[in-house]
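Here the structure is laid out as structure tokens; the discussion comes afterwards.
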Amino acid sequence: MLALRDAALWVNTHRDDAATLIADNAADLPAASARNMLRNEPVIRPLLGHGLREQIAQYCDELQLVGMLADGEDSAALARHYTLNVLHE
């Protein structure tokens, strides 16, 4: 989770560099388009801990709605499993 937070904070201060990285890995996306896209994005506020687990559970619920995740899956349990807090913060 900390790596995701650090990456988000880096993108906030290095939008043009991030756009170049995105464009390098997306064959159909010119670097100029990626730069324009990122310049118009709001500041990224990465979630950690409980907030991240809530968001992951919401994503799981949405995946169930579109049939990409079995209805019987427990969204909260999946979120806890995939966002294990190894630092116990």
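Position 1 is the first residue of the sequence, and the numbers go up from there. Any value given below was found using the heavy atoms of this structure, including those in side chains, with hydrogens, waters and symmetry copies removed.
A donor-acceptor contact shorter than 3.5 Å links the side chain of N12 to the backbone of I44.
L9 is not connected to L47 by any chain of hydrophobic side-chain contacts under 4.5 Å among Ile, Leu, Val, Met, Phe, Trp and Tyr, and they are in different clusters. A continuous path of Ile, Leu, Val, Met, Phe, Trp and Tyr side chains, each step under 4.5 Å between heavy atoms, connects L29 with L38, placing both in one hydrophobic cluster. A chain of hydrophobic side-chain contacts below 4.5 Å, direct or via other Ile, Leu, Val, Met, Phe, Trp or Tyr residues, connects L78 to M68. Cluster annotation: V66 is connected to L69 through the hydrophobic network of ILVMFWY side chains, with a link wherever side-chain heavy atoms come within less than 4.5 Å.
Every pair passing side chain to side chain donor-acceptor pair (under 3.5 Å) that includes a residue from residues 54-63 is listed here, sequence neighbours excluded: H50-E54, Q55-Y59, D61-S75.
Minimum heavy-atom separation, E73 to Q64: O-NE2, 2.9 Å. Nearest heavy-atom pair, D28 versus P30, reported as atom, atom and distance to 0.1 Å: O-CD, 3.5 Å.
Atoms CZ and CG, from R80 and D74 in turn, are 6.0 Å apart once rounded to the nearest 0.5 Å. One distance of note links CZ of R53 with CG of L48; it measures 9.5 Å at 0.5 Å rounding.
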Counting only pairs under 3.5 Å, give me each side-chain donor-acceptor contact of residues 16-24, with atom names and distances, residues two or more places apart or in other chains.
unit_1	atom_1	unit_2	atom_2	d
D16	OD1	R39	NE	3.4
D16	OD1	R39	NH2	2.9
D16	OD2	R39	NH2	3.2
T20	OG1	D16	O	3.1

